[in-house]
There are 2 protein chains.
Amino acid sequence: MTIQQIKYFLALAKELHFWNTAEKMFISQSSLSRQIQALEDELQIQLFERDKRNVKLTNAGKFLQERWTKTIEEFDQVIRQAKKIDEGKTGTIAITYPGSITYDFLPDFLSVLSDNLPDLKVELTEPKDEDHERLLLDYQTDLAFSRDKINNTNIDSKKLYSEPICLVVPEHHRLSKGELTDLGKEKFIISGLHRTTFFASLLRTWFAKNDLEPKTIIESDFGGMIVNLVSKGLGISILPLSFQAAGIKNVVFIELEERIDLFMNWRKNELNITVKKVIELAENSLKTSGNRRDFM
Amino acid sequence: MTIQQIKYFLALAKELHFWNTAEKMFISQSSLSRQIQALEDELQIQLFERDKRNVKLTNAGKFLQERWTKTIEEFDQVIRQAKKIDEGKTGTIAITYPGSITYDFLPDFLSVLSDNLPDLKVELTEPKDEDHERLLLDYQTDLAFSRDKINNTNIDSKKLYSEPICLVVPEHHRLSKGELTDLGKEKFIISGLHRTTFFASLLRTWFAKNDLEPKTIIESDFGGMIVNLVSKGLGISILPLSFQAAGIKNVVFIELEERIDLFMNWRKNELNITVKKVIELAENSLKTSGNRRDFM
DNA sequence: ATAACTAATGCGTTTTTTGCATTAATAGCT
DNA sequence: AGCTATTAATGCAAAAAACGCATTAGTTAT
């Protein structure tokens, strides 16, 4: 019995159609037929009721579908976890981060890592829809920078700093002097408000508080791109102050009242030696009073 | 990756010696070497540190040993469970029972089953060391007759009857008239007192209560054999009354004060149709007031 | 009646697995 | 130091398993 056979079984149990399933699993229908038959023969359990045209799960099949779906998920996770432990030998760490720290905090942080752990290999990922909690617990990342705090008994969080949210406008724009009037007329270039990121929810809150229905002409998930488009005069945006560090000309960052935090999160029961080293280093280096300026 | 590879890994992780492990797994050492290597290659994780003479687990290996040991146990159990569900179609039930009901209750019970479910296939097992709770929860049996009640939230129990414990002596023995004196001099033929069965613990209690250190000359786990040896005059014994139904001549059963119960136990969340039928039938047929004589 | 769909199977080819034999190192004994 | 036994890895040939195209046999829809 192979794990692959079990995965074929689960795919067929869902699809209940040999040709479609085979296609999705990148094998031929006849191979799938034989693998399922081999599984049934080995187990001595009939998993599917088949006729010339239809496939149905038996009770035993349904039971195994339910149980094995979970088993395979856990199995894959355990392997990822073991890989993390193994990778600890060779000095590898996976880091996820929100795009907004790309130009300011993150380069500084990676610099500190490089100085102290010269052989460290870093895998950087900017998840599109942030679910740092799941990524950490699923062993898909080791260190997650996030804009909001993760509340989970198995995850440690530390607040690194807080920065203002800014209105970003072209240099000679009527709003560049700081008088925030008639925002309703403006064209916005912002991240999608339907997104599940913390920043998107903060945006929604801000627009609601200011009684604005934003006229979004361009939606982008890349803050650097947004700042660039604003500098070209295509519209205005709202972004964390740290995007100022991108060094794009012809834009003005006007601080708003609202602030946004940055947290560092990691698993409590970390077994990967390298990850533990990085976290320890990060905790010792980031002796911050809560403001970004204190970052060493 | 195959389940067998994982089992090889777990065996080697325990043994830490390729030749010994290969022997135990009934394959050649070179095959084992290759399977482990294949597993490491597929996972991209180093599981063992090997030199020319020694094998040691890596940290990742230790982690996987711990997690997979449990995973494989559960895996095997789930398959057994699924098999039970599948067997429900063909009418199969596994029953475990203590040897003492062999001659009396069990034949009657099987007779009722046969009358009402003529196509039923029954797998009977008399476990040497009774752990009915584990056997039930591990899906290794469906219906467990036991001398004591199982207390488990996932197991239903029903008391069937109660019968006296008897002193079993040869027909013309000095004790056959019923005067129980000088038992300390007698040679006993009994089940091993070290055993984990309920009956063994009852025996130990009885001997302690009567301040006897039994001189056991023959130890047997088969009640019928014990009764036979007693009838031949080799010694005396203590057994439940139901052994009288074995119909062995030249023995006398002298009732003692102590009684012993019989319980029927089954899983609450039973999915096997046949097992559910049998249990329902048993519950309806065994309308007993607690004494054996009321068994229909 | 015809065409399309569907799961199972024949068959030849390719890939993988297996165990004997061997290699290269190491440990223990004399 | 030399020799023997032990041990994990690998060469190699044979056996077994897997693969996909082609086909079969039934079913459904037009």
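Residue numbering restarts at 1 for every chain, and letters A, B, ... go by the order of the sequence lines.
Here dC5(C) presents its P atom at 11 Å from CG of Asn20(A), a figure rounded to the nearest Å. Atom CG of Asn54(B) and atom P of dA9(D) are 12 Å apart (whole Å). When rounded to the nearest whole Å, the span between CZ of Arg50(B) and P of dT23(C) equals 22 Å. The distance from atom CD of Glu40(A) to atom C1' of dA8(C) is 12 Å, rounded to the nearest whole Å. What separates CG of Leu12(B) from P of dA8(D) is a distance of 8 Å, to the nearest Å. Put simply, CD on Gln4(A) is 12 Å from P on dA18(D), counting in whole angstrom units. For the pair Leu16(B) CG and dT7(D) P, the interatomic distance rounds to 13 Å; values are reported in whole Å. Distance CZ (Phe48(A)) to P (dA7(C)): 11 Å, rounded to an integer number of Å.
Ion pairing between Lys70(B) and Glu74(A) fails under the 4.0 Å rule for side-chain N and carboxylate O.
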Checking side chain to side chain contact (heavy atoms under 4.5 Å, CB included) for the pair Leu43(A)/Met1(A): CA distance, chi angles, key distance, verdict? CA-CA 9 Å; Leu43(A) 291 178; Met1(A) 190 175 357; 3.8 Å; yes

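Applying the 6.0 Å contact sphere to CD of Glu49(B) captures more than 12 heavy atoms from other residues, nucleotides or ligands.
In this structure, Phe18(B) and Tyr8(A) both approach DNA chain D, and ranking their closest nucleotides by distance from the 5' end singles out Phe18(B). Across the interface with DNA chain C, nearest-nucleotide mapping of Phe26(B) and Arg53(B) shows Phe26(B) to be the residue nearer the 5′ end.
Considering only side-chain atoms of Arg34(B), the nucleotide from dG20(D), dA7(C), dC12(D) that sits closest is dC12(D). Comparing atom distances between the Lys52(B) side chain and each of dT26(C), dT17(C), dA7(C) picks out dT26(C) as nearest. Checked against dG20(D), dA7(C), dG19(C), the side chain of Ser30(B) finds its nearest nucleotide in dG19(C).
A donor-acceptor contact shorter than 3.5 Å is absent between the side chain of Asp138(B) and the backbone of Arg134(B). Formation of a donor-acceptor pair under 3.5 Å by the Thr58(B) side chain with backbone atoms of Gln46(B) is found in this model.
A donor-acceptor contact under 3.5 Å links the side chain of Gln29(A) to the base of dA8(C).
Listed pair Ser31(A) / dG20(D) meets the phosphate criterion, a side-chain N or O lying under 4.0 Å from OP1 or OP2.
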